[in-house]
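Presented below is the structure to which this report refers.
Per chain, numbering begins at 1; letters A, B, ... match sequence-line order.
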Amino acid sequence: MPACRRCAYPARRGRGAPVHAPADEGRAMANITKRSEDYSRWYQDVIQAAELAENSPVRGCMVIRPNGYAIWENIQATLDAKFKELGHVNAYFPLLIPKSFLAKEAEHVEGFAKECAIVTHHRLKQVVVDGKVTVVPDPDSKLEEEYVIRPTSETVIWDQYRKWIQSYRDLPILINQWANVMRWELRTRMFLRTTEFLWQEGHTAHATAEEGRQETLQMLEVYRWFAEEILAMPVITGAKTANERFAGAVETYSIEALMQDNKALQAGTSHDLGQNFAKAFDVKFQDKEGKVEHVWATSWGMSTRIIGALIMVHSDDDGLVLPPRIAGTKAVIVPIWKSDQEMAEVCAAADRIAAQLRPVVGPVHVDKRDNMRPGWKYAEWEAKGVPLRLELGPRDLAGQQVMMAARHDRRKQAAGFDVLAEAVGAELERIQQDLFDRALKRREENTHVVEAWDDFVDLFANRGGGFAHGHWCGDGACEKRIQDETKVTIRNLPFGRDETPGQCVKCGRPSVGRVVFAQAY
RNA sequence: CGGGGCGUGGCGCAGUCCGGUAGCGCACCUGCUUUGGGAGCAGGGGGUCGCGAGUUCGAAUCUCGCCGCCCCGACCA
């Protein structure tokens, strides 16, 4: 696999033929695979180029680098504020769960048993094998009851809620926790499915079924708001089918987004748990009439997976694209100079402008590095997804203006110093809106109404897939057959869906309305 | 866990078939000149060739075992 003789551009790892850089061969830094060429490699390249995360020594776990973690911190800050606005409080429950807890709710065990990491010992012992010192679990330290590293916290939390709840006066309990969880996945992908991931999990307890239902729907609406307003990611809200429901839930609701490769991604879930966990953990309360009853529960979560969705919805072949509202750095100022004196003047002006902008638009970075030229910096900040670049050189200084360049559409325009804060604020708003509009347009262009099975198969096999609105008989077995034959699943039963009766796209039996089908992550 | 591809300075790769003591581009460091879309020259630093055994006078290269990464399945969301 030699380098290309014509241009000396090195061949890519793992492929036979040398791959030429596009017209601009200088793009050696990031070297991002095009989406059209290899979508999943593109995804990995973007993560690397934007320095969001890296693989760790442990398979399936990732190191989230500062650029990636800044996004997560903004997600946390925004959601946390919203949760609290709605009356929730934060708490923390332990990482380790007694093995027996997992077994208490029948469906819950079934759902998670296959992907649990188990702690069996509490001590290591030095041993010498073939003359080399190594460590092994000390057999004498075997735990009497083994612990499971939480795949989710329903069980520990409900064990605790039993102790906290006696009367209706103790309800509702509206607790959220920010935590890491572990699910031993066979196949992992950065952010989208990692063995360990970060999330928030809300766990609430209520006096009535209706109140629980309302909470579930309210939190789903929070996720919809967050995805659409903050992440500029249009989503479909709706109920999951029984097959796709959370293990132990009465009803699961989700938000579903469409990625640029036309695969769907579940970006947040909210579960109405009914009385299942209250019964499993014997959590009862006495109501006003003195009657003793099991409490009603919900849980809801959004994880670092959403960062994967964020990457795939907006980014392009030059790297990451972030909506301003979630970007860690809103704008970067690139000073341009020739002489030392110009450097001093331009940098001083850049600092003044940054100081002026920060209170209005948030974090603004001034890139004063003198070991690379402006063009290099442009490309680098583009790869990292900073929404707006401000170019400031001697000519701008003379004209009392900066050049603003938007990351997502390359639009460049001048903005005078006297109106800079308003101009930058307005441009960031335009970018935010534009990203949403662009994503929504793409989703609409890739959403189809299907009637016949042949058309359904053809859509996903030959016409690029996307979202398909089709009739479904409601039978889980039929749903499974569709999945087995086409890899397509029902993403959800959208709120406000078309409930005109029809015939199931697969089996032709009567249907009470359309559902959303897609191939999914 | 099945099929395929791949592990060589930070990144991307050559060298492996045919064994001879490791090289290229970029990045990095120093200096000078540069700086409005990926700068130039000169000098310099950095690699137990994924890990472990074996064959050999000698292993990145041959043999065996293991580990990891990527893609496609299975599992799962």
Side-chain angles (χ1 to χ4, degrees), chain A residues 1-5 7-16 18-19 21-31 33 38-41 43-45 48-49 51 54-60 110-115 129-130 132 151-152 183-190 192-195 197 199 240 243-247 252 254 256 263-269 301 303 305 308-309 318 334-340 342-343 346 368-383 389 391-398 402-403 405 410 412 483-484 487 489 491 520-521:
Chain A
M1 191 190 327
C4 173
R5 289 191 177 81
C7 69
Y9 199 80
R12 272 263 179 60
R13 179 175 53 158
R15 266 178 283 174
V19 175
D24 46 351
E25 290 195 14
R27 186 170 290 178
M29 178 196 77
N31 206 4
T33 304
D38 185 336
Y39 190 83
S40 77
R41 187 180 292 270
Y43 176 72
Q44 293 179 82
D45 287 349
Q48 194 198 331
E51 296 177 357
E54 290 176 358
N55 282 313
S56 79
V58 179
R59 170 205 265 276
E110 204 186 323
F112 287 104
K114 281 175 284 186
E115 47 188 10
V129 178
D130 297 334
K132 283 178 185 161
T152 177
R183 295 180 188 175
W184 212 266
E185 303 287 356
L186 295 181
R187 193 167 154 191
T188 59
R189 305 188 74 184
M190 290 270 197
L192 297 177
R193 176 170 294 108
T194 47
T195 300
F197 57 93
W199 75 349
K240 292 300 237 184
N243 282 338
E244 300 267 333
R245 222 173 257 157
F246 174 73
T252 287
S254 70
E256 303 281 337
K263 285 170 83 172
L265 191 144
Q266 175 178 300
T269 50
S303 74
R305 179 177 225 218
D318 294 321
V334 178
I336 297 155
W337 64 77
K338 285 192 170 67
S339 65
D340 285 356
E342 275 179 0
M343 178 171 93
V346 167
K368 296 183 205 168
R369 291 175 296 178
D370 65 353
N371 60 337
M372 52 189 72
R373 293 158 69 158
W376 178 274
K377 295 181 184 177
Y378 297 171
E380 192 183 280
W381 291 111
E382 281 165 5
R389 178 180 72 242
E391 305 170 9
L392 180 66
R395 293 206 293 272
D396 299 303
L397 213 50
V402 299
M403 289 303 299
R410 307 309 170 93
K412 246 177 162 174
Q483 182 176 0
D484 289 345
K487 309 290 173 216
T489 51
R491 298 325 304 153
Y521 275 99

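Heavy-atom distances to RNA chain B give each of A:Gln44 and A:Leu186 a nearest nucleotide, and the one nearer the 5′ end belongs to A:Gln44. Each of A:Asp370 and A:Lys114 was assigned the nucleotide of RNA chain B with the nearest heavy atom; the assignment lying further toward the 5' end belongs to A:Asp370.
Among the nucleotides B:C69, B:G73, B:G36, the one closest to the side chain of A:Arg373 is B:G36. Closest approach to the A:Arg389 side chain among B:A74, B:C11, B:G37 is made by B:G37 (side chain taken as heavy atoms from C-beta onward). Each of B:C70, B:G36, B:U35 was ranked by its minimum atom distance to the side chain of A:Trp337; first place goes to B:U35. Comparing B:G37, B:G73, B:G36 by their nearest atom to the side chain of A:Glu382 picks out B:G37.
Residue A:Met343 is classed as having no contact, given no heavy-atom separation below 4.0 Å to the nucleic acid.
A gap of 11 Å separates the C1' atoms of B:A59 and B:G54, to the nearest Å. Using atom C1' as the reference point in both B:C29 and B:G46, the two lie 10 Å apart (nearest Å). Rounded to whole Å, the separation between the C1' atoms of B:A60 and B:A14 comes to 12 Å.
Using a 4.0 Å cut-off between charged nitrogen and carboxylate oxygen, A:Lys240 and A:Glu256 count as a salt-bridge pair.
Remark: B:G45 base-pairs with no nucleotide; criterion is Watson-Crick or G-U wobble with both hydrogen-bond distances under 3.5 Å. Across all strands shown, B:G38 remains unpaired; no Watson-Crick or G-U wobble contact has both distances below 3.5 Å.
Under 3.5 Å, the side chain of A:Asp396 and the base of B:G36 form at least one donor-acceptor pair of N or O atoms.
Separating the CE atom of A:Met190 from the C1' atom of B:G68 is a distance of 13 Å, rounded to the nearest angstrom.
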